[in-house]
Number of protein chains: 2
Amino acid sequence: MPEENQALSPGLRMPEQVATRLERLILDGVFRPGQLLPSERRLCDRLGVSRASLREGLRILRSKGIIDTRQGHGSTVATLLPVGNQSPLMHLFKDHPRTLFDLLEVRALLEGESARLAASRGTSADRVLITRRYREMADYAESAESIDVERLARLDHAFHLAVSQASHNPVLVHTLQSLTDLLLSSVFASVKHLYHLPAPRTMINQQHAQLHEAVVNGEAEQAEQVALEHLSSISQLLRDLEEEHERLERSSMRLEEWQ
Amino acid sequence: MPEENQALSPGLRMPEQVATRLERLILDGVFRPGQLLPSERRLCDRLGVSRASLREGLRILRSKGIIDTRQGHGSTVATLLPVGNQSPLMHLFKDHPRTLFDLLEVRALLEGESARLAASRGTSADRVLITRRYREMADYAESAESIDVERLARLDHAFHLAVSQASHNPVLVHTLQSLTDLLLSSVFASVKHLYHLPAPRTMINQQHAQLHEAVVNGEAEQAEQVALEHLSSISQLLRDLEEEHERLERSSMRLEEWQ
DNA sequence: GACTAATTACTGGTCAGACCAATGCACCAC
DNA sequence: GTGGTGCATTGGTCTGACCAGTAATTAGTC
């Protein structure tokens with residue numbers, strides 16, 4: 001009878017067990033996408049297996065595309081998403097900017113649900129992380145005089161990611177993630193522009209504060225509502241931005257006609 | 001300069017090399033499907049690598065489904081070569097059924113929204129198409145005595161697709177589509193099974209009828225509600241199916257104890 | 001002689017410890 | 001500051017040993 005190694009496995013070999021247990025930890029959010037796993041030697045201790053078995057377990061995860069390993073560096077949890085290849089959608093964007101708002105519509109739906117679930121299902125550890133991300137973002141947004149917009153965008157993204165991860169629904173997290181990536185890769189310039197204008201920024205800051213409060217206080221309905229309003233505001237801001245852009249274009253066209 | 005080990009590998013690690021070389025030998029017909037490979041120790045000699053590396057190489061081939069290994073026996077070349085490529089998320093599904101319900105949760109959200117939008121935004125042309133798809137599905141489901149389950153599943157899928165397309169949100173359609181593909185490719189057997197049981201089938205038929213009616217009559221709230229209930233039912237049915245499956249497994253295990 | 005049970009020589013599975021190679025960070029000289 | 005230099009840490013590989021199933025062989029029994 002094995003005295004160690006809380007084996008849960010009848011027919012499973014060690015490497016399979018290692019892979020399964022690590023997957024479980026990843027799904028539970030203990031190890032998150034992008035995060036660096038503990039070193040192999042440390043994992044051996046924690047899981048109670050030899051390095052050979054552990055390495056075969058990691059090999060399984062690597063084959064599945066779940067982790068990514070670099071010599072001298074370590075193994076990181078892959079930012080696995082592909083809900084599907086994103087290429088087909090990318091074309092749509094270029095030809096039909098309207099699709100941007102369709103994307104925001106879907107994203108609002110998912111963001112609302114994730115906020116609701118985060119408020120109702122989130123653990124205390126989740127709340128701690130969410131608060132930390134929120135503070136990082138809010139402190140930077142308030143304190144700095146000349147903010148680095150790109151950095152603020154990253155902090156913003158990290159905050160929303162923390163909220164979605166608290167939903168404990170990996171599929172939701174990944175879908176949301178891929179949509180956000182798609183959004184940023186296509187209109188990052190516009191989004192960046194939003195942060196530069198004072199009015200939108202204070203509005204966004206307020207909504208973030210409300211969202212944070214609702215989630216950590218477990219107010220599910222409130223959290224969903226705030227998230228929906230947040231995305232709706234962003235959508236409206238981008239719409240205004242686009243309109244203004246068109247107006248500028250028209251005037252420049254008029255200018256060209258006379259030259 | 002390595003004197004042995006006819007390395008052909010720039011950046012490749014040993015295990016990858018081992019896997020590649022063995023694949024090559026299999027493709028060249030040196031090792032044929034069904035055949036027993038030489039023992040690990042013998043392969044180590046022949047390939048000039050340690051057993052640890054050799055085993056990691058075999059692990060790669062096993063992950064790809066190219067070989068099959070049994071303790072005390074050996075590794076045999078699999079008879080049927082790799083099936084369909086599976087997305088990274090697929091692996092998570094197989095080992096963690098919990099993720100399946102996470103997927104259904106997200107899908108219900110999107111399906112609900114698409115039904116709502118279809119009812120409120122759908123054009124008359126959309127409604128005609130939806131009705132046609134619905135009739136095709138319903139007629140086949142009711143009339144035929146011995147139904148071809150796979151065909152019914154296709155008609156079902158076509159109906160839902162028509163509804164989602166009436167939402168006039170390509171992003172929503174696309175996201176929903178990829179989630180559905182993911183679902184079907186992982187649990188198509190179970191879904192198929194649902195159609196075979198009489199009770200679930202009548203329930204599904206009823207819900208389809210209600211969904212169709214709500215959408216074509218422009219009753220947005222009702223459509224969303226029905227869609228949510230529909231997905232919720234399916235989720236519950238799959239849950240029951242899984243439970244029953246486990247019960248059967250347990251009883252067969254008990255059976256084995258007495259033999 | 002035919003059948004069963006123990007033996008034994010394989011097989012893969014796991015472990016421990018050693019060393020090599022790449023990375024990245026801290027420290028130090030300039 | 002800037003650019004090296006070292007060193008601690010990480011993954012990559014090897015070795016040799018032992019454990020655990022498998023199956024063929026052998027010994028024992030009827």
Side-chain angles (χ1 to χ4, degrees), chain A residues 1-22 26 31 34-78, chain B residues 1-22 26 31 34-78 256 259:
Chain A
M1 190 185 297
E3 80 292 2
E4 248 290 4
N5 210 350
Q6 51 275 50
L8 10 70
S9 51
L12 285 190
R13 305 268 93 106
M14 288 308 313
E16 279 83 1
Q17 279 188 56
V18 169
T20 302
R21 290 169 68 181
L22 287 177
I26 292 173
F31 300 133
Q35 185 179 340
L36 198 64
L37 290 182
S39 74
E40 295 187 350
R41 289 157 176 92
R42 199 175 302 274
L43 281 176
C44 291
D45 285 348
R46 291 268 251 110
L47 300 179
V49 299
S50 75
R51 219 178 133 211
S53 295
L54 178 95
R55 280 182 58 79
E56 287 199 38
L58 293 179
R59 173 72 64 182
I60 294 174
L61 296 181
R62 221 171 306 153
S63 297
K64 293 184 183 180
I66 293 177
I67 64 171
D68 183 43
T69 304
R70 268 164 36 202
Q71 180 176 177
H73 180 74
S75 293
T76 57
V77 179
Chain B
M1 191 184 297
E3 80 291 2
E4 249 290 4
N5 210 351
Q6 53 274 53
L8 12 68
S9 52
L12 285 190
R13 307 266 93 106
M14 288 308 315
E16 279 83 0
Q17 280 187 54
V18 169
T20 302
R21 292 169 67 181
L22 287 177
I26 291 172
F31 301 131
Q35 185 180 340
L36 198 63
L37 290 182
S39 74
E40 295 186 351
R41 285 152 177 100
R42 198 175 302 274
L43 281 176
C44 291
D45 286 349
R46 292 270 251 108
L47 300 179
V49 299
S50 74
R51 217 176 135 212
S53 294
L54 187 272
R55 281 181 58 78
E56 286 199 38
L58 292 179
R59 174 71 64 183
I60 295 175
L61 297 181
R62 219 170 308 153
S63 296
K64 292 188 185 176
I66 294 178
I67 65 170
D68 183 46
T69 304
R70 269 164 39 205
Q71 180 176 179
H73 180 73
S75 294
T76 57
V77 180
E256 285 169 6
Q259 286 179 339

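Chain identifiers are assigned alphabetically (A, B, ...) following the order of the sequence lines, protein sequences preceding nucleic acid strands; residue numbering begins at 1 within each chain. Owing to the predicted nature of the structure, the values given are computational and were not obtained by experimental measurement.
The side chain of A:Ser50 contributes no N or O atom lying less than 4.0 Å from OP1 or OP2 of C:dT14. For C:dG24, one of the phosphate oxygens OP1 or OP2 lies less than 4.0 angstrom from a side-chain nitrogen or oxygen of A:His73. In this structure, A:Ser39 does not reach the D:dT9 phosphate: none of its side-chain N or O atoms is under 4.0 Å from OP1 or OP2. The phosphate of D:dC14 (OP1 or OP2) has a side-chain N or O of B:Ser53 nearer than 4.0 angstrom.
Looking at A:Gln71, its side chain comes within 3.5 Å of the base of D:dG11 through a donor and an acceptor atom.
Comparing D:dC18, C:dC15, D:dT10 by their nearest atom to the side chain of A:Arg42 picks out D:dT10. Among the nucleotides D:dG11, D:dC18, D:dT13, the one closest to any side-chain atom of A:Thr69 is D:dG11. Candidate nucleotides C:dG13, D:dG12, C:dC15 were compared by shortest atom distance to the side chain of A:Arg13, and C:dG13 ranks first. Side chain of B:Arg51, nearest nucleotide from D:dT15, C:dG13, D:dG11: C:dG13.
Note on B:Glu56 versus B:Arg62: no salt bridge recorded, every NZ/NE/NH1/NH2 to OD/OE distance being 4.0 Å or above.
Taking atom CZ of residue A:Arg59 and atom C1' of nucleotide C:dG13, one finds them 17 Å apart after rounding to whole Å. Remark: P of C:dT14 and CG of A:Leu58 are 14 Å apart, rounded to the nearest angstrom. A straight line from CD of B:Glu40 to C1' of D:dA20 spans 13 Å, rounded to a whole angstrom. Protein atom CD of B:Gln17 is 8 Å distant from nucleotide atom P of D:dT13, rounded to whole Å. Between the P atom of D:dC19 and the CZ atom of B:Arg41 lies a distance of 14 Å, rounded to the nearest Å. Between the CD1 atom of B:Ile67 and the P atom of C:dT11 there is a distance of 15 Å, rounded to whole Å. What separates CD of A:Glu56 from C1' of D:dG12 is a distance of 14 Å, to the nearest Å. Rounded to whole Å, the distance from CZ on B:Arg55 to C1' on D:dC19 is 13 Å.
Nearer to the 5' terminus of DNA chain C, by closest-nucleotide assignment, is the contact made by B:Gly74 (compared with the other of A:Leu54 and B:Gly74).
Of the possible donor and acceptor atoms, none in the side chain of A:Ser53 sits under 3.5 Å from a partner among the backbone N and O of A:Val49.
Residue contacts shown for A:Arg70 are limited to sugar-phosphate atoms, with no base heavy atom under 4.0 Å away.
Residues B:Leu47 and B:Leu54 share a closest heavy-atom pair of CD1-CD2, 4.0 Å. The shortest heavy-atom contact between A:Gly65 and A:Ala78 is O-CB, 3.4 Å.
Note that CD1 of B:Ile66 and OG of B:Ser75 are 12.5 Å apart. Values are rounded to the nearest 0.5 Å.
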